[in-house]
Amino acid sequence: MKPGRYIIPKGTYRLTDKLYLTKNTKIIMDKGARLLRDHNAGFFINGRTGDSFTGYDGNGNITIEGGTLDGNLTARYKHYNAIGLARWSEYCYT
């Protein structure tokens, strides 16, 4: 996702992969918005393999509000991190 403001309207949305968040991103889910996990990882992560930042220059200033994150545990792998936020360095990976 590019930096910006994203509004997710009411409804169910099937995710087949995690969403990579960049800095200065705000996600607003309306009441009744539901993200349904349909893969074996989490919903959101703030970096990709190979990303490298210095100090605190990584993907921060991220807001996720409202909605429902449905882990879909009856159909998908049961152990996952819903949201992965890290201070990225050359040693971090997804």
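Just so you know, these numbers come straight off a predicted model, no measurement behind them. Along the sequence shown, the residues carry numbers beginning at 1.
Crowding of N81 atom CG: a count of heavy atoms from other residues, nucleotides or ligands under 6.0 Å not exceeding 12.
Taking both residues in full, the closest heavy atoms of P9 and A33 are given as O-CB, 3.5 Å, listed atom of the first, atom of the second, then distance.
Residues I8 and I28 do not share a hydrophobic cluster, clusters being chains of Ile/Leu/Val/Met/Phe/Trp/Tyr side chains in contact below 4.5 Å. One hydrophobic cluster, built from ILVMFWY side chains closer than 4.5 Å, holds both Y13 and I83.
Here F44 contributes atom CZ and I62 contributes atom CD1; the two are 10.0 Å apart, rounded to the nearest 0.5 Å. Atom-to-atom distance recorded for L21:CG and I64:CD1 is 5.5 Å, nearest 0.5 angstrom. Note that the NZ atom of K26 and the CG atom of N61 stand 9.5 Å from one another [nearest 0.5 Å]. Note that CG of L19 and OH of Y6 are 10.0 Å apart. Values are rounded to the nearest 0.5 Å.
Counting only distance, with no hydrogens or angles, the side chain of D70 and the backbone of N72 share a donor-acceptor pair below 3.5 Å.
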Listing, residues 35-43 side-chain donor-acceptor contacts under 3.5 Å, not counting sequence neighbours, or none:
unit_1, atom_1, unit_2, atom_2, d
R37, NE, G71, O, 3.0
R37, NH1, H39, O, 3.0
R37, NH1, A41, O, 3.3
R37, NH2, G71, O, 2.8
R37, NH2, Y77, O, 2.7
D38, OD2, R14, NE, 2.5
D38, OD2, R14, NH2, 3.4
H39, ND1, A41, N, 3.2
H39, NE2, G42, O, 3.3
N40, OD1, R76, NH2, 3.4
N40, OD1, Y77, N, 3.3

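The closest side-chain heavy-atom distance from N59 to F53 is below 4.5 Å. Annotation: side chain of M29 is in contact with side chain of L69 (closest heavy-atom distance under 4.5 Å).
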